[in-house]
Trainee: 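Take a look at this one; I'll ask things after.
By convention in this document, chain letters (A, B, ...) are assigned in the order of the sequence lines, proteins followed by strands, and residues within each chain are numbered from 1.
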There are 2 protein chains.
Amino acid sequence: MAAGYFEAGKVPRASFELFVRELPPSRGYLVAAGLVSAVNYLENLHYTQDQIEYLRSLPALEGIAPGFFDEYLARVRFTGDMWAVPEGTPIFATEPLIRVTAPLAEAQLVETALLSVILFQTSVASKARRIAEAAAGRAVIEFGGRRAHGPEAALYAARAALLGGCQATSNLEAGCRFGVPVSGTMAHSWVMAHPDELTAFRRYMDVYGRRSVLLVDTYDCKAAVRLIGEAGLRPDGVRLDSGDLAGLSRDVRGELDAWGLTETKVLVSGDLDEHRVAELVASGAPIDGFGVGTSLTTVADAPALSGVYKLVEIERDGRMVPLMKLSDGKRTLPGGKQVWRMNDLTQNAQDVVGLAGELGPKGALPLMRQVMRSGISLEPKRSIEDLREFCLKAVGSLPVAVRRHSDPEVYPVVLSDELEQLTWKVRQALYDNRGKGFPEE
Amino acid sequence: MAAGYFEAGKVPRASFELFVRELPPSRGYLVAAGLVSAVNYLENLHYTQDQIEYLRSLPALEGIAPGFFDEYLARVRFTGDMWAVPEGTPIFATEPLIRVTAPLAEAQLVETALLSVILFQTSVASKARRIAEAAAGRAVIEFGGRRAHGPEAALYAARAALLGGCQATSNLEAGCRFGVPVSGTMAHSWVMAHPDELTAFRRYMDVYGRRSVLLVDTYDCKAAVRLIGEAGLRPDGVRLDSGDLAGLSRDVRGELDAWGLTETKVLVSGDLDEHRVAELVASGAPIDGFGVGTSLTTVADAPALSGVYKLVEIERDGRMVPLMKLSDGKRTLPGGKQVWRMNDLTQNAQDVVGLAGELGPKGALPLMRQVMRSGISLEPKRSIEDLREFCLKAVGSLPVAVRRHSDPEVYPVVLSDELEQLTWKVRQALYDNRGKGFPEE
């Protein structure tokens, strides 16, 4: 399409909005994430000579003028503006997470990358918030790198998990790149690689001292804790990774206490998600922290969001003309938009989606702010701790019924009068022209 | 753990095997993939100075001797051997996909990356094979980059999808990197960005000529095809992306034929998976090809495999000693293994998992072959077309009931007598030493 726009001569400016059509089942809200990656991607957009030569070699592109490759692709950079909801903000179906306004070809070239970056990180951050709420103050550690959709997915899942509410990740590269806390424990292989369990525990403590978390379920949990107690080892924690975690955590807690190891924490892992964590918490099991992997890192119950990136307005004769699409079940709302949140707890909470140019409801908070101007980031760098804190507070201000992990209530999102009227007007014009294929307003 | 092994002095060699504990529900087999990425990762393993300084700065590692950072990490390369099942081979639960034999610390350092690379690509290739079988000879195009878990996941999902049976991908970077066929069609935004549908179609055909695939569902499918017919355009195909695909494809086929456009193909997309594709094929809908996105690229019904990487043997006093783990529900089989396949169709098909040193059943095909020696790849580069062909044939030789997309039969995988005996012996020794924490055989 970019080649087509180039061929057509002057490329108009246009705006695209990225939003999620429907929340996955059991989700009452999503936590926006991935904006830093999106800005970074846009700031670095370029095509290498190898990529350009590859495109030139494609039979499908043989009709394209050489200028598209030599002038346009070789020099293209993202020169547009972007508006976005800040990372950590809870958002709902149909609300734009980002709006890109740029020359049409540029805005189009970045579609797939923006969608994959924003949707994936948003889905992980949302899942992490749920799991953190289920843990009710106990630590949650992101453990799922091995099941991620490749090493890059593991890295950004770790960041999103911390943003959503995890205390640490086992992904050292995430620690190195994003400055987030890392945490690890031994694997079963460490125990198996030593002549006996006690030797394995001793050697680990020689290296990590009081910070050690010892994995006690390789053969028999209680027996392993007895070995630790008899040897006078004082690890920071022990980890259970299999079996009846509620029952075993009680046994292990009892055995630790009997040896005077009252400060040693009990950590559990193994096929945990928000529901399992909530069950364990409700059972009163003496668990101090949860290691959560696959269900979080791959968002196993909802591995994709129904997110799309849709053209909402285009420049014609020097002004922006609102556009929409009518396909069955896939309608879009015309025009560049803003979202106002009204949840000061003194009234019924709701969001209003309106046009970007509106003033908005009195006293309501606009969620979207400009984050790039002419291809340059306006975003200050914020720590993951700050973002997590912001997220915790913002989600905490939503109605409890919306935050439920099963069968949540739908948070009310309404359209402003101006957006309603514009939608009606554009739709009517499209229907009037049905059969002529005329989308013009 | 690597620091711990370094601290302990001489590091023994050890073998780890990567396998899937259980197939996801509704899967009768998996298609091995990701080996090229795994070999590439191992050949390039190294730590940058920034990464090393980061690790040195971690409080948890403050007890580690400087030599671990300056000598070990700064110089470590993968020097081990790897055995693997070739890409495109159907495999079953408990069968090793790869075996890594290397100094223990090296073999341990690569665990997470190998798991994430092999499991993800295997799950996508497996899904692609299912969808390709459902399409029964019609083209399947991978379309899901926008919903992938980031751009890297999109890239490798595209490769795995082609390996498993797709004809092409919309991911241009995959075309550039892997030489796979690419295919694209216009988006709704192309139609919306033009003053009317006919202008949008004409301009697209000006650029792509006879190769054009025109998206006809932005407003009204039949009306759009009438515009195409009236204007005398002769596109390669039209695409439907919403609504009742079976019904619309008939309407659109009829309209195309009425205008003499009998060569123009009908392509469909929109929330397709193997079940939906099979339904459309069974309905007799006149569809020539399917664009499949989210369900394939994120493997939405089974986004993670229960794959693990387990220590199976370790060097002690100059010889390899087999090891296993007993944790409830997470047992492993000891020793380095081989898989023999017996499915020449003259007998009941089955696989035998035995020890790597065995001769194997007479006439049976050993699936694992050595792919790296002392850190160097032994693998010839094979084209994706070759791998897809190989996969098609190998899956085709499985019993039909195992290949069913719902409620498949379990393919028989048995242990060799030698592996049974070794497992019994190692387990018995562990039970005899229960409470002493002694894993030694």
Side-chain angles (χ1 to χ4, degrees), chain A residues 1 3-4 7-8 51 54 60 63 104 112-113 115-117 120 145-154 156 176 188-190 192-193 195-198 203-204 207 209 211 217-220 223 227 242-243 294 298 300 303-304 311 314 323 325-330 434-435 437-440, chain B residues 1 3-4 7-8 51 54 60 63 104 112-113 115-117 120 145-154 156 176 188-190 192-193 195-198 203-204 207 209 211 217-220 223 227 242-243 294 298 300 303-304 311 314 323 325-330 434-435 437-440:
Chain A
M1 284 191 289
E7 290 281 304
Q51 288 170 328
Y54 165 73
L104 184 49
T112 306
L115 278 165
S116 74
V117 156
F120 171 52
R146 64 183 182 157
R147 301 279 171 78
H149 289 188
E152 183 191 79
Y156 290 98
C176 181
H188 292 111
S189 60
W190 176 273
M192 293 162 70
D196 58 66
E197 231 174 348
L198 182 56
R203 293 222 182 118
Y204 200 80
V207 180
R211 296 179 201 275
D217 74 343
T218 309
Y219 308 107
D220 181 309
L227 288 173
S242 52
T294 308
T298 67
L311 180 60
I314 193 166
L323 297 172
K325 180 181 140 185
L326 286 184
S327 320
D328 281 0
K330 294 190 171 181
R434 203 182 251 277
F438 264 86
E440 195 88 78
Chain B
M1 286 193 287
E7 290 280 303
Q51 288 170 327
Y54 165 72
L104 185 48
T112 306
L115 279 166
S116 73
V117 156
F120 171 52
R146 64 183 181 155
R147 301 278 171 79
H149 288 187
E152 183 191 78
Y156 289 99
C176 182
H188 293 110
S189 60
W190 176 272
M192 292 161 70
D196 58 67
E197 229 173 349
L198 182 56
R203 292 223 182 119
Y204 200 81
V207 180
R211 296 178 201 277
D217 75 344
T218 309
Y219 309 107
D220 180 309
L227 288 174
S242 53
T294 309
T298 67
L311 180 60
I314 193 166
L323 297 172
K325 181 180 139 185
L326 287 184
S327 323
D328 281 0
K330 293 190 173 183
R434 202 181 250 278
F438 264 87
E440 194 89 78

Trainee: What are the two closest heavy atoms between B/Ala193 and A/Leu104, and how far apart are they?
Mentor: CB-CD2, 3.6 Å
Trainee: Taking ring-ring contact (aromatic ring centres under 6.0 Å, His included) as the test, write out the residues that go with B/Tyr156, two or more places apart.
Mentor: B/Phe178
Trainee: Of the non-hydrogen atoms in B/His149 and A/Ala153, which two are nearest, and what is the gap between them?
Mentor: O-CB, 3.4 Å
Trainee: Working to the nearest 0.5 angstrom, can you tell me the gap between B/Leu323 CG and A/Met192 CE?
Mentor: 5.0 Å
Trainee: List the atom of B/Met1, the atom of A/Tyr204, and the distance in Å for their closest heavy-atom pair.
Mentor: CG-CE1, 4.4 Å
Trainee: Please rank A/Cys176, A/Gly63, A/Ala154 by heavy-atom pairs under 4.5 Å with chain B and give me the top one.
Mentor: A/Cys176
Trainee: Might you point out which heavy atoms bring B/Val207 and A/Gly4 nearest each other, and give the distance in Å?
Mentor: CG2-CA, 3.7 Å
Trainee: Taking A/Glu152 for its side chain and B/Glu152 for its backbone only, find out whether a donor-acceptor pair lies under 3.5 Å.
Mentor: yes
Trainee: How close do B/Gly145 and A/Ser116 get, counting heavy atoms only, and between which atoms?
Mentor: O-CB, 3.5 Å
Trainee: Not counting sequence neighbours, which residues clear side chain to side chain contact (heavy atoms under 4.5 Å, CB included) with A/Ala300? List them please.
Mentor: A/Thr298, B/Pro303
Trainee: Between A/Gly209, A/Ser189, A/Ala148, who has the most heavy-atom pairs with chain B when the cutoff is under 4.5 Å?
Mentor: A/Ser189
Trainee: So which of B/Leu115, B/Thr294, B/Val117, B/Ile314 has the biggest tally of heavy-atom pairs under 4.5 Å with chain A?
Mentor: B/Leu115
Trainee: Hey, which of B/Ala3, B/Ala60, B/Ala113 has the most heavy atom pairs under 4.5 Å with chain A?
Mentor: B/Ala60
Trainee: Contact part of A/Gln51 toward chain B, heavy-atom cut-off under 4.5 Å: side chain, backbone, both or neither?
Mentor: both
